[in-house]
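Okay, so here's the structure we're looking at.
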Amino acid sequence: MSGFDFTIPVLVVLVLVVLFAGVKTVPQGYNYTIERFGKYTRTLAPGLNLIVPFFDRIGAKLNMMEQVLNVPTQEVITKDNANIAVDGIAFYQILNAPQAAYQVSGLQNAILNLTMTNIRTVMGSMVLDELLSNRDTINDRLLRVVDEAAHSWGIKMTRVEIKDINPPQDLLDSMGRQMKAERDKRAVVLEAEGTRAAQILRAEGLKQAQILEAEGRREAAFREAEGRERLAEAEAKATEFVSAAISGGNVQALNYFVAQKYTEAFGKFATSPNQKVILMPMEASALIGSLGGIGAIAREVFGDNAATSPTTPSTPPARGRSVPGTGSNS
């Protein structure tokens with residue numbers, strides 16, 4: 001076997017080794033930095049890449065996906081001297097691979113310490129009640145401060161969250177008593193406001209009832225006055241008609257008018273509330289006799305023509321006699 005035959009396989013193997021050494025495959029979500037004689041030259045993107053063998057080498061393999069970093073529990077003293085235990089979580093993403101690889105040593109450790117320091121700074125400037133009720137504000141402040149500090153490292157802080165805030169047990173007991181006192185106070189205040197509102201509503205209802213009652217009395221009085229006025233008008237018209245009939249010589253209208261008033265007077269006398277027992281010995285012909293007396297008076301006023309009325313009794317009372325039927329004992 002000649003030396004040439006031996007050299008060819010060696011060259012083939014050497015070429016294959018050089019090719020394999022110069023071909024680099026980068027997985028999706030990662031970036032590789034390339035160093036030539038220890039100096040950064042370029043960054044390999046995901047996929048198939050070629051480098052100069054024996055001169056270039058991979059410096060750092062960086063995960064470009066968003067990553068999660070747990071912040072361990074630490075003690076924080078608040079502005080009002082409350083000692084609490086706090087832990088959290090941070091999300092970050094590498095945007096510039098060379099900066100993340102060469103601007104800081106130990107990227108995750110640097111981010112962790114930066115986050116813990118700013119948690120103590122931010123939460124230490126607030127009182128305990130603000131810490132418990134304003135977590136969104138705390139998270140926003142932490143994110144802004146940590147992202148600004150880590151910007152030079154080529155990373156982006158996407159989120160910083162406080163997970164748990166644990167005050168000591170004695171402080172929790174005090175907070176529980178305070179919460180119970182506040183709730184009792186609010187219950188008393190609400191009860192007092194309810195009583196006040198009920199009293200106001202009752203007063204408003206009584207006021208409206210009195211107003212409506214007064215309006216009803218006013219309307220009733222108005223109606224009653226209107227009724228009396230119309231009754232008086234009817235009475236006046238009736239009297240006018242009777243006077244006209246008497247002037248025309250019709251004594252029958254006068255007899256009817258006087259008999260009606262006479263009967264109404266006896267009815268009112270009988271229904272009077274001041275009388276319990278009424279004794280009235282009166283004959284049935286007394287009322288007719290009174291009408292006869294009225295007819296006699298009419299004849300004296302109007303003459304003999306009035307005597308032709310069919311209602312005039314056959315035996316009129318003589319002049320000067322008293323009208324019968326007016327005497328009654330009660």
Side-chain angles (χ1 to χ4, degrees), residues 16-76 84-126 131-166:
L16 292 176
V17 170
V18 171
L19 288 176
F20 278 109
V23 175
K24 299 296 180 183
T25 302
V26 180
Q28 184 66 38
Y30 284 82
N31 279 354
Y32 292 172
T33 61
I34 300 300
E35 300 174 356
R36 178 172 295 177
F37 302 114
K39 182 181 178 181
Y40 168 77
T41 57
R42 61 193 178 97
T43 302
L44 299 182
L48 186 64
N49 297 271
L50 297 177
I51 63 174
V52 179
F54 310 113
F55 293 95
D56 296 339
R57 70 179 185 89
I58 297 176
K61 298 179 179 180
L62 300 174
N63 187 348
M64 305 299 291
M65 296 178 288
E66 187 173 2
Q67 302 178 63
V68 182
L69 185 64
N70 288 317
V71 179
T73 302
Q74 59 178 329
E75 298 290 332
V76 177
I84 60 175
V86 181
D87 61 355
I89 189 170
F91 296 82
Y92 71 95
Q93 184 177 12
I94 298 175
L95 300 180
N96 191 312
Q99 289 183 350
Y102 303 111
Q103 293 292 332
V104 61
S105 177
L107 179 62
Q108 289 192 349
N109 186 47
I111 296 174
L112 179 61
N113 284 277
L114 179 63
T115 304
M116 294 177 64
T117 303
N118 283 279
I119 286 177
R120 288 194 296 268
T121 302
V122 172
M123 301 185 70
S125 63
M126 304 173 68
L131 295 180
L132 297 176
S133 58
N134 296 319
R135 289 201 180 191
D136 291 339
T137 303
I138 298 172
N139 294 334
D140 291 340
R141 291 178 60 182
L142 283 174
L143 179 61
R144 185 174 62 254
V145 173
V146 176
D147 182 62
E148 183 178 356
H151 180 70
S152 60
W153 300 340
I155 65 173
K156 171 66 178 178
M157 300 298 300
T158 58
R159 185 176 301 177
V160 178
E161 298 283 347
I162 298 298
K163 291 195 297 185
D164 294 322
I165 299 177
N166 300 317

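Fair warning: this is a prediction, and the values are worked out from it, not measured in the lab.
Expressed to the nearest 0.5 Å, how far CZ of Phe55 lies from OG1 of Thr41 amounts to 13.0 Å. Here the CG atom belonging to Leu112 is positioned 10.0 Å from the OH atom belonging to Tyr92, to the nearest 0.5 angstrom. Atom CD of residue Gln67 and atom CD1 of residue Ile155 lie 9.5 Å apart, to the nearest 0.5 angstrom. A distance of 7.5 Å separates CD in Gln99 from NE2 in His151, rounded to the nearest 0.5 Å. Taking CG of Leu44 as the reference point, atom CG of Leu50 lies at 9.5 Å (rounded to 0.5 Å).
Of all non-hydrogen atoms in Asn31 and Ala97, the two that sit nearest each other are CB-CB, 4.0 Å. For the pair Ala101 and Ala60, the tightest heavy-atom approach, listed with the atom from each and the gap, is CB-CB, 3.9 Å. Nearest heavy-atom pair across Thr117 and Asn113 is OG1-O, 2.8 Å. Looking at every heavy atom in both residues, Asn96 comes nearest to Pro98 through OD1-CD, 2.9 Å. Ala85 approaches Thr73 most closely through the heavy-atom pair CB-CG2, 3.9 Å. Taking all atoms of both residues into account, the shortest heavy-atom contact from Lys61 to Tyr32 is CG-CE2, 3.3 Å.
Considering only heavy atoms from C-beta on, Ile51 comes within 4.5 Å of Arg42 through its side chain. Side chains of Ile111 and Met157 form a contact here, defined as non-hydrogen atoms less than 4.5 Å apart. The side-chain heavy atoms of Pro46 and Thr25, taken from C-beta on, include no pair separated by under 4.5 Å.
The aromatic rings of Tyr40 and Tyr102 sit tilted, their planes meeting at an angle between 30° and 60°.
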Open item on the list: Assess the residue pair Met126 and Arg141 against the criterion (side-chain contact (heavy atoms from CB on, under 4.5 Å)); give the C-alpha distance rounded to whole Å, side-chain angles, the decisive distance to 0.1 Å, and a yes or no.
Closed with: CA-CA 12 Å; Met126 304 173 68; Arg141 291 178 60 182; 4.0 Å; yes
TODO: Give the intermediate values and the outcome of side-chain contact (heavy atoms from CB on, under 4.5 Å) for residues Leu142 and Ile119.
DONE: CA-CA 7 Å; Leu142 283 174; Ile119 286 177; 3.7 Å; yes
- [ ] Test side-chain contact (heavy atoms from CB on, under 4.5 Å) on Ile34 and Asn49 and set out the steps.
- [x] CA-CA 11 Å; Ile34 300 300; Asn49 297 271; over 6 Å; no
TODO: Please step through side-chain contact (heavy atoms from CB on, under 4.5 Å) for the pair Leu69 and Thr115, ending with a clear verdict.
DONE: CA-CA 10 Å; Leu69 185 64; Thr115 304; 5.6 Å; no
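In this structure, Asn70 contributes its side chain and Val68 its backbone to no donor-acceptor pair below 3.5 Å. The backbone N or O of Met64 sits less than 3.5 Å from a side-chain atom of Gln93, completing a donor-acceptor pair. Between the Thr158 side chain and the Phe91 main chain, a donor and an acceptor come within less than 3.5 Å of each other. Using a distance-only test at 3.5 Å, with no hydrogens or angles considered, a donor-acceptor pair links the side chain of Asp87 to the main chain of Asp164.
Take Arg144 and apply the side chain to side chain donor-acceptor pair (under 3.5 Å) test, not counting sequence neighbours, and it matches no residue.
Each of Asn118, Thr121, Val160 was scored for a side chain to side chain contact (heavy atoms under 4.5 Å, CB included) with Val145, with one residue passing: Asn118.
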